[in-house]
Asks: 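Sending over a structure as structure tokens; questions will come in a sec.
First the proteins, then the strands, lettered A, B, ... as listed; each starts at 1. Since the model is a prediction, treat every value here as computed from it, not as a measurement.
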Amino acid sequence: MPELPEVETYRRYFEETALGQTVAHLEVEDQRQLTTDFDTLQQALKGAQFTGAHRIGKHFLINLSTSKTLVLHFGMTGDLAYYRDAEDTPRFARIVFHFQNGFRLAFIDSRKFGRVGLAESIEAYRQEKRLGPDALDISLLQLQASLGKRKAPVKSLLLDQKILAGIGNWIADEVLFQAQIFPAKLANQLSSAEFKRLHAAILYVLKTAIEEEANYGNFPKTFLIHARGWDDSALKPAERQVCPQHRTPLNIIKVGGRTTYFCLVCQPQ
DNA sequence: CTCAGTGTTCAGTG
DNA sequence: TCACTGAACACTGA
């Protein structure tokens, strides 16, 4: 789930819970999820206070009072939970930060694609990962400049965190649906009208998703995401995979190796 | 039992 | 080195 709106929601949750806390110790179930070795990480965190919460795309960056930066990436299934009692430890809590006030913050991640480690600073991390501008901050001109000469499918480029940071598979489909652009259209074939719609759709989809705290069920009825079956109980099979505009069946293809939903009527090839 | 998957990275090709 | 494609990664749940 964690695309930009989820990570922004986690960031706000963190600000209301773990921000300001001082780390007592750390529990790590599987060292393969660390990008900094355990001893170094424990050393850097012990006695350090969490002093700030930032986000670049899907990357979550926590300032430490010791001047280093803690970086969390949620992979495909990451989440956070702040709680006090051991019996409230969520299922799949892979890494647990214990605070001096007795509370804990769990990094939950059933599929273990998430990563936690240290960076020198936010800026150093951005450069190391070569992250593009956050998807909420990219301008129309920047977007046009970085996509306009590329001959890959526009969807693949939206997913490239080096071009713009924060868009994942579901939001890429939603953005292209709202912008009425065929997902496999080559970026260098896009008209300036299409770039304009694309840029507006990125902002519209992300802002809407953040307002709803990334609860897909609350997204507008006009969103494609309801057809994806993100929650099996929320949608009857007969209603699934139908365009919210035309009620016609959606098309499902692979673009850049990723499952892609779109409506051939709204997004002509 | 098999398989797809919300993300990233890397090997391979041109 | 760049642009692009496709596989691999670890694990759960359908």
Asks: For the pair A:His98 and A:His25, name the ring-plane relationship: parallel under 30°, tilted 30 to 60°, perpendicular over 60°.
Replies: parallel
Asks: Between atom CZ in A:Phe113 and atom P in C:dA10, what is the gap in whole Å?
Replies: 8 Å
Asks: Check every atom of C:dC11, B:dT8, C:dG13 against the side chain of A:Arg91 and return the nucleotide holding the closest atom.
Replies: C:dG13
Asks: Establish, with yes or no, whether the OP1 or OP2 oxygen of B:dG5 is under 4.0 angstrom from a side-chain nitrogen or oxygen of A:Thr259.
Replies: yes
Asks: Without decimals, in angstroms, what is the distance between A:Arg32 CZ and B:dG7 P?
Replies: 21 Å
Asks: Just N and O in the side chain of A:Gln161: are any of them under 4.0 Å from OP1 or OP2 of B:dT8?
Replies: yes
Asks: Students often get this wrong, so: under 4.0 angstrom with heavy atoms, is A:Gly168 touching a base, only sugar-phosphate, or nothing?
Replies: sugar-phosphate
Asks: Would the base of B:dG5 count as contacting A:Arg111 through its side chain, where contact means a donor and an acceptor less than 3.5 Å apart?
Replies: yes
Asks: Verify the contact: side-chain N or O of A:Arg115 to OP1 or OP2 of B:dG7, cut-off strictly under 4.0 Å; return yes or no.
Replies: no
Asks: A:Phe92 near the nucleic acid: base, sugar-phosphate alone, or nothing, with a heavy-atom cut-off under 4.0 Å?
Replies: sugar-phosphate
Asks: Does A:Lys254 put a side-chain nitrogen or oxygen below 4.0 Å from OP1 or OP2 of C:dG6?
Replies: no
Asks: Any side-chain N or O of A:His73 less than 4.0 Å from the OP1 or OP2 oxygen of B:dG7?
Replies: no
Asks: Can you tell me the base-pairing partner of C:dA10? Count Watson-Crick or G-U wobble geometry only, both distances below 3.5 Å, and say none if there is no partner.
Replies: none
Asks: State yes or no: are the ring centers of A:Tyr10 and A:Tyr13 separated by less than 6.0 Å?
Replies: no
Asks: Could you work out which one of C:dT12, C:dC4, B:dG5 sits closest to the side chain of A:Arg94?
Replies: C:dT12
Asks: Looking only at side-chain atoms of A:Lys129, point me to the closest of B:dT9, C:dT12, C:dA3.
Replies: B:dT9
Asks: Counting side-chain heavy atoms from C-beta on, which of B:dG5, C:dC4, B:dT8 comes nearest to A:Ala152?
Replies: C:dC4
Asks: Is there a side-chain contact between A:Lys58 and the phosphate of B:dG7, meaning an N or O under 4.0 Å from OP1 or OP2?
Replies: yes
Asks: What about the rings of A:Tyr82 and A:Phe103, do their centers lie closer together than 6.0 Å?
Replies: yes
Asks: Start with the C-alpha gap between A:Phe107 and A:Phe74, add the side-chain angles, then the distance that decides, and say whether ring pair (Phe, Tyr, Trp, His ring centres under 6.0 Å) holds.
Replies: CA-CA 8 Å; A:Phe107 181 85; A:Phe74 296 97; 5.5 Å; yes
